[in-house]
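What follows is a short report on a single structure.
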Amino acid sequence: MTTAFKAGLIQTNVSNEMAENVAFVREQVRLARDAGADFVMTPENTGLIGANRTETLQKAQTEDEHAMLAACRASARETGAWFLVGSIHVRVPGEEQIRNRSYLIDSDGGIVASYDKIHMFDVQLAGGESYRESSTFRPGERSVLAETPWGVLGMTICYDLRFPYLYRDLAHAGATLLSIPSSFTVPTGQAHWHTLMRSRAIETGCFVFAPAQVGTHKGSNRKTYGHSIAVAPWGEVLADAGGEKAGFVIADVDLARIAEARKMVPSLQHDRKYSAPALVKPAVAEAAE
């Protein structure tokens, strides 16, 4: 296993048309590989962002026929890079809802692992934006670890970020790398993106990779925060693509920093079991006679 590699994070501004999104990703993979990337990653919703629930369901494709998945597998074969498809919308025959699924692809184009987003973003934001992912997507039920040439990858997606116990479990199970491909809203991104990403890295002593969507998306008018980011185990930001435009950034990853961070603060060795929280109420004073 090598001790260092270059991660390429592709930042996309996808539309609701698969073909143009495929063309952009294929181009950016070649450019990232030319810049030295060994492991290339794309955001959540790499295939498309539908105008609404109906269109999203209509345009979902099965795994066997998915144009974006096929394109990413071809890009991995052609460039010799490993590839993380942050997520695409996958239809499973016989299911009404679709899956928000991430794929890890090796340098031969083979699918190493896949992960279905567990936590659904069902919120009403203060600015009027409303999201109910559970009406469109079927939640995943299993966490996923996968071997790469550089270490064990814990696969997650976007809103999973807000559930730290998932990342703690992944780290305890052997993860040293974490993927969090995302389509963060602008208000939540401005408030929480960098803080949460750095927290997940610090808490686990892992490298965090979070390729992200950016800008106003044609066909849906949805706005995303961008700032595709790579974070080291001690919490340093190694690369940040900013919040203005699509493209890619390269992060230099030194795997020795995992052991260094975990030695300085060995919190993964200090977990203890404890009883569930119980509310203690103040005693009621006896009434005076």
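Reckoned from all heavy atoms, side chains included, excluding hydrogens, waters and symmetry mates. As the structure is a computational prediction, the values presented were derived from the model and not from experiment.
- Pairs passing the ring-ring contact (aromatic ring centres under 6.0 Å, His included) check and including a residue from residues 106-125, sequence neighbours excluded, read H119-F163, F121-Y131, F121-Y159.
- A heavy-atom distance below 4.5 Å is found between the side chains of L84 and F39.
- Using a distance-only test at 3.5 Å, with no hydrogens or angles considered, a donor-acceptor pair links the side chain of T42 to the main chain of G86.
- With hydrophobic clusters built from ILVMFWY side chains whose heavy atoms lie under 4.5 angstrom apart, V249 shares a cluster with V253.
- To the nearest 0.5 Å, atom OG of residue S102 and atom CD1 of residue I180 are 11.5 Å apart.
- A donor-acceptor pair is defined here as one N or O able to donate and one able to accept, closer than 3.5 Å; no such pair exists between the side chain of S114 and the backbone of Y103.
- Within the structure, the salt bridge (charged side-chain N to carboxylate O under 4.0 Å, His left out) test picks out the following pairs touching residues 258-272 (sequence neighbours left out): R168-D271.
- Between D38 and K6 there is no salt bridge, since no side-chain nitrogen of the basic residue lies less than 4.0 Å from a carboxylate oxygen of the acidic one.
- In summary, of the residues considered (R33, R26, R30), a salt bridge (Lys or Arg N to Asp or Glu O under 4.0 Å) with E78 occurs for R26 alone.
- For the residue pair L170 and S143, the shortest heavy atom distance occurs at CD2-CB, 4.2 Å.
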**Message:** As a quick check of understanding, evaluate side-chain hydrogen bond (donor to acceptor under 3.5 Å, both in side chains) for N100 and E133, giving each step before the final call.
**Reply:** CA-CA 10 Å; N100 193 357; E133 288 186 340; 4.9 Å; no
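- Counting non-hydrogen atoms of neighbouring residues, nucleotides and ligands closer than 6.0 angstrom, the NZ atom of K223 reaches no more than 12 such neighbours.
- Among residue pairs with one or both ends in residues 228-246, those qualifying as salt bridge (charged side-chain N to carboxylate O under 4.0 Å, His left out) are E236-R257; sequence neighbours excluded.
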**Request:** Check the pair T46, V14 against side chain to side chain contact (heavy atoms under 4.5 Å, CB included), reporting the backbone distance first and the verdict last.
**Result:** CA-CA 7 Å; T46 295; V14 303; 5.6 Å; no
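- No side-chain N or O of Q213 forms a donor-acceptor pair with one of T224 less than 3.5 Å apart.
- Contact annotation: the side chain of L31 approaches that of E27 to within less than 4.5 Å [non-hydrogen atoms, C-beta and beyond].
- Taking a 6.0 Å sphere around CZ of R132, one finds it holds 12 or fewer heavy atoms contributed by other residues, nucleotides or ligands.
- The hydrophobic cluster containing L9 also contains F5, counting ILVMFWY residues as joined when their side-chain heavy atoms lie under 4.5 angstrom apart, directly or transitively.
- Exactly one residue among L255, V152, L145 makes a side-chain contact (heavy atoms from CB on, under 4.5 Å) with L177. That residue is L255.
- For the pair V85 and L69, the tightest heavy-atom approach, listed with the atom from each and the gap, is CG2-CD1, 4.5 Å.
- Heavy atoms of other residues, nucleotides or ligands lying less than 6.0 angstrom from CD of E141 number 12 at most.
- For F137 and H89, the gap between ring centers is short of 6.0 Å.
- V112 has its side chain out of reach of I105: every pair of non-hydrogen atoms, C-beta onward, lies at least 4.5 Å apart.
- In this structure, CG in N16 is found 13.0 Å from CZ in R222, a value given to the nearest 0.5 Å.
- Identified under the ring-ring contact (aromatic ring centres under 6.0 Å, His included) test for residues 236-261, with sequence neighbours left out: none.
- Between atom CE of residue M68 and atom CG of residue N45 there is a gap of 10.5 Å, rounded to the nearest 0.5 Å.
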**Prompt:** side chain to side chain contact (heavy atoms under 4.5 Å, CB included) between E20 and K218: does it pass, once the steps are laid out?
**Reply:** CA-CA 11 Å; E20 58 190 47; K218 186 177 71 176; 3.1 Å; yes
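- Closest approach of A251 and L238 over heavy atoms only: CB-CB, 4.2 Å.
- Formation of a donor-acceptor pair under 3.5 Å by the N21 side chain with backbone atoms of E17 is found in this model.
- Of all non-hydrogen atoms in G243 and H227, the two that sit nearest each other are N-NE2, 3.4 Å.
- Note that OG1 of T56 is 6.5 Å distant from CD1 of I98, once rounded to the nearest 0.5 Å.
- Remark: D116 engages R99, R101 in a side chain to side chain contact (heavy atoms under 4.5 Å, CB included) (not counting sequence neighbours).
- Residues F209 and L178 form no side-chain contact, since every pair of their non-hydrogen atoms from C-beta on lies 4.5 Å or further apart.
- Residues Y167 and V208 fail the side-chain proximity criterion, which asks for heavy atoms closer than 4.5 Å.
- The pair K117-E44 counts as a salt bridge, with a side-chain nitrogen and a carboxylate oxygen less than 4.0 angstrom apart.
- Between I49 and S220 the shortest side-chain heavy-atom distance falls below 4.5 Å.
- Between A201 and A232, the shortest heavy-atom distance links the atoms CB-O, 3.5 Å.
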**Message:** Show, in sequence, the C-alpha distance, side-chain angles and deciding distance for R138 and E95, and conclude whether the side chain to side chain contact (heavy atoms under 4.5 Å, CB included) test is met.
**Reply:** CA-CA 9 Å; R138 180 170 176 173; E95 294 184 0; 2.9 Å; yes
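- The closest donor-acceptor contact from the side chain of N52 to the backbone of E55 lies under 3.5 Å.
- Without hydrogens or angle criteria, T136 side chain to R53 main chain gives no donor-acceptor distance under 3.5 Å.
- With sequence neighbours left out, the side chain to side chain contact (heavy atoms under 4.5 Å, CB included) criterion links R77 to R73, A74.
- The distance from the OG atom of S75 to the CD atom of Q28 is 11.0 Å, given to the nearest 0.5 Å.
- Taking CZ of R162 as the reference point, atom OG of S199 lies at 11.0 Å (rounded to 0.5 Å).
- With contacts defined as side-chain heavy-atom distances shorter than 4.5 Å, the pair F207/I258 qualifies.
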**Item:** Full working for side chain to side chain contact (heavy atoms under 4.5 Å, CB included) between V25 and C72
**Value:** CA-CA 8 Å; V25 168; C72 292; 4.2 Å; yes
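- Residue V237 is grouped with residue L161 when hydrophobic side chains (ILVMFWY) are merged at heavy-atom distances under 4.5 angstrom, including chains of intermediate members.
- Paired with T185 under the rule side-chain contact (heavy atoms from CB on, under 4.5 Å), one option of S183, P187, S182 passes, and it is P187.
- Using modelled atom types, no side-chain atom of D108 and backbone atom of G110 make a donor-acceptor pair closer than 3.5 Å.
- Residues N13 and F24 have side chains not in contact (no heavy-atom distance under 4.5 Å, counting atoms from C-beta outward).
- Judged purely by atom type and a 3.5 angstrom limit, Q97 uses its side chain to pair as donor or acceptor with the backbone of S134.
- In terms of heavy atoms, I118 sits closest to P139 at O-CB, 3.4 Å.
- A distance-only check finds a donor-acceptor pair linking the side chain of D160 to the backbone of I157 [under 3.5 Å].
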